[in-house]
Amino acid sequence: MRVCLSACGSLLLFIAAPSVSDVQFSDATKAAGIAFAHANSATSNKYLVETMGGGVALLDYDNDGRLDVFLTNGARIDDPMREGKRPDKSDPAYWNRLYRQTTDGTFVDVTEKARLTGVPQNYYGMGVAVGDYDNDGFADIYVTGYGGNTLYRNDGDGTFTDVTSRAGVAAGGWSASAGFLDYDNDGKLDLFVTRYVDWSFQNNRYCGEKKPGYRSYCHPDNYEGMTDLLYHNNGDGTFSDVSAKAGISRFPGKGLGVSFADYDNDGFIDIYVANDSVQSFLFHNNGDGTFAEVGLLAGVGFNEDGKTFAGMGVDVADYDNDGRPDIIVTDLSNERYMLFRQNADGSFRDVTNTTGVGGATLPFSGWSTRFFDYDGDGWKDLFVAQGHVMDTIDKTAPNLKYLQPPLLLRNDSGRFTRVIAGEVFQQEWAGRGAAFGDLDNDGDIDVVVNNVGQKAVVLRNDGGNGRNWLGIRTVGTKSNRDGIGCRVKVVSASGTSQYFTVSTTAGYLSASDKRLAVGLDRDTAARLVEIRWPSGLVQKFENVKAGQILTATEQAQ
């Protein structure tokens with residue numbers, strides 16, 4: 001059955017009834033031993049920060065071959081916040097949490113042991129980025145928030161040290177998503193930080209109807225935007241703020257999501273920022289340390305009607321296997337998620353409606369998202385963590401809901417259809433951050449979702465490895481140790497080509513497994529794995545058998 005919902009431009013959108021997926025996801029949260037509840041300190045004053053967190057990261061912080069889980073948390077805020085008061089994370093209920101995976105697949109809370117408690121920071125936690133910024137072989141953690149950010153250096157012995165002050169990356173204002181990238185190809189990971197709006201507890205406005213229970217969180221139009229930040233890695237443990245020098249600070253926005261890819265294949269990584277209700281940015285890397293903002297010219301700053309959208313989560317990846325990265329941006333209910341397909345000339349076309357994404361997403365509000373092949377058929381599918389911004393939306397718009405189910409869109413040769421892959425896709429949460437990775441090393445991708453004011457959820461992929469698969473782990477030598485920014489082409493035995501960018505950064509507030517997961521369908525081997533390293537080296541592996549994780553170490557030229 002197809003239900004007519006709305007006209008959009010010249011196209012009439014339909015909501016198609018979802019189909020049931022052969023591959024299922026199950027709620028493995030309790031079995032995994034993760035008992036995290038996001039504490040957002042909801043108040044009657046509807047402070048905007050309450051509804052925007054939190055993030056999640058999947059990383060192997062102790063190099064034991066098993067992914068661990070890091071979840072960001074809010075902070076205690078009073079109702080109301082008096083002049084001079086700041087958020088307080090000293091209570092363990094508000095700490096960010098690190099869970100270490102054990103040999104039996106369960107997780108143990110090692111937050112205190114790892115020295116990652118909330119004390120003495122007085123910020124409201126938002127997002128997390130992961131990358132080995134000092135190239136010592138251990139993943140470091142960067143946490144964003146309202147009121148300040150924190151860089152934790154991995155000491156390699158199971159503990160972390162707060163090096164924010166020395167590194168010079170505390171930022172300020174309201175930071176949201178962040179990510180590590182090597183924008184100048186010097187072998188050291190740099191850091192990009194999105195910042196949202198110039199909001200404070202003091203300038204928090206009254207929005208919504210003035211009757212009990214109807215006050216709502218204010219639209220971002222009520223506040224000025226902020227500029228994003230770019231930090232250059234100096235190689236000595238410190239970073240320099242090069243936002244002005246690189247041209248980033250010329251463009252104030254309302255940044256929430258960020259993703260990286262070399263969209264024009266010129267050898268330098270580019271940056272897409274999803275802005276909330278103002279033009280989104282595509283920062284083209286000029287290769288000389290500067291960026292040009294080309295979102296309008298490239299066709300990705302606005303939708304096909306020339307209007308802004310409430311950009312929240314974003315991923316840049318090649319969904320149609322043509323070798324050119326495309327862009328997905330999530331937004332609010334009644335606006336549709338934006339899918340921009342890249343043309344051969346480096347411009348993009350809004351294909352939201354023609355690919356089925358518009359009809360499948362119109363009722364929903366999306367946050368963290370990623371293209372990944374959940375069923376191993378060689379086509380990247382799409383997952384979105386969902387939930388409305390307004391916890392009062394049910395009262396003012398009865399056709400919409402605050403709590404919403406996660407969304408899974410199956411990619412059928414470039415067209416997307418909604419599928420129900422287990423009971424978890426019929427449960428409703430206030431989804432925000434989500435990270436993706438193979439938690440149990442069985443060859444398919446699992447998902448961890450952080451829900452605002454609710455418990456986090458672990459979604460285990462059951463059956464995605466029923467087809468053949470190949471994992472790829474990159475280890476840089478001249479390039480950065482993680483191989484972040486590597487462009488990878490995989491040609492299956494039957495001749496199908498797929499394209500990937502190595503990155504931990506995608507979605508909203510979150511960091512995913514740096515390893516690539518390649519679905520090979522019925523092929524038992526990859527004819528070719530070609531890796532273009534940030535250093536410029538091109539490395540090839542031939543006749544790689546399926547069912548393994550290939551460790552590709554950059555070879556000297």
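Heavy-atom basis, side chains included; hydrogens, waters and symmetry copies ignored. Owing to the predicted nature of the structure, the values given are computational and were not obtained by experimental measurement.
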### Task
Give the intermediate values and the outcome of side-chain hydrogen bond (donor to acceptor under 3.5 Å, both in side chains) for residues S494 and D523.
CA-CA 7 Å; S494 60; D523 290 322; 2.6 Å; yes
### Query
Checking side-chain hydrogen bond (donor to acceptor under 3.5 Å, both in side chains) for the pair W533/Q539: CA distance, chi angles, key distance, verdict?
CA-CA 8 Å; W533 294 86; Q539 195 169 354; 2.9 Å; yes
### Query
For T150 and V169, what are the C-alpha separation, side-chain angles and deciding distance, and is it a side chain to side chain contact (heavy atoms under 4.5 Å, CB included)?
CA-CA 7 Å; T150 307; V169 291; over 6 Å; no
### Task
Could you check Y319 against F416 for ring-ring contact (aromatic ring centres under 6.0 Å, His included), going step by step and ending with a plain yes or no?
CA-CA 10 Å; Y319 80 88; F416 292 88; 5.5 Å; yes
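Side-chain contact, S492 with R527: no donor N or O sits under 3.5 Å from an acceptor N or O. The closest side-chain donor-acceptor pair between N96 and T72, if any, does not fall under 3.5 angstrom. Side-chain atoms of S535 and E554 form a donor-acceptor pair, as typed in the model, at a separation below 3.5 Å. Using modelled atom types and a 3.5 Å distance limit, the side chains of R410 and T417 yield no donor-acceptor pair. Checked by atom type, the side-chain pair N149/S175 shows a donor-acceptor distance below 3.5 Å. Side-chain atoms of S365 and Q386 form no donor-acceptor pair, as typed in the model, at a separation below 3.5 Å. When only modelled atom types and interatomic distance are considered, T164 and Y152 share no side-chain donor-acceptor pair under 3.5 Å.
Salt bridge absent: K540 and E542 never bring a charged side-chain N and a carboxylate O closer than 4.0 Å. Electrostatic pairing of R467 and D521 counts as a salt bridge here, judged by a charged N lying under 4.0 Å from a carboxylate O. Ion pairing between R487 and D262 holds under the 4.0 Å rule for side-chain N and carboxylate O. Ion pair R153/D155 flagged as a salt bridge, since at least one NZ, NE, NH1 or NH2 atom sits closer than 4.0 Å to an Asp/Glu carboxylate oxygen.
Contacts classified as ring-ring contact (aromatic ring centres under 6.0 Å, His included) and involving residues 436-481 (residues at least two apart or in different chains) are given here: F372-F436, F383-F436. The list of salt bridge (Lys or Arg N to Asp or Glu O under 4.0 Å) pairs with a residue in residues 428-446, not counting sequence neighbours, reads K401-E428.
Ring centroids of F25 and F425 are separated by less than 6.0 Å, placing the two rings close together. A distance below 6.0 Å separates the ring centres of F239 and Y133.
Remark: of the listed residues Y146, W174, Y124, W174 is the sole one forming a ring pair (Phe, Tyr, Trp, His ring centres under 6.0 Å) with Y196.
A cation-pi arrangement is absent between K514 and F180, since the terminal nitrogen or guanidinium carbon is not both under 6.0 Å from the aromatic centre and inside a 45° cone about the axis.
Side-chain contact check for F541 versus L528: every heavy-atom pair is 4.5 Å or farther apart.
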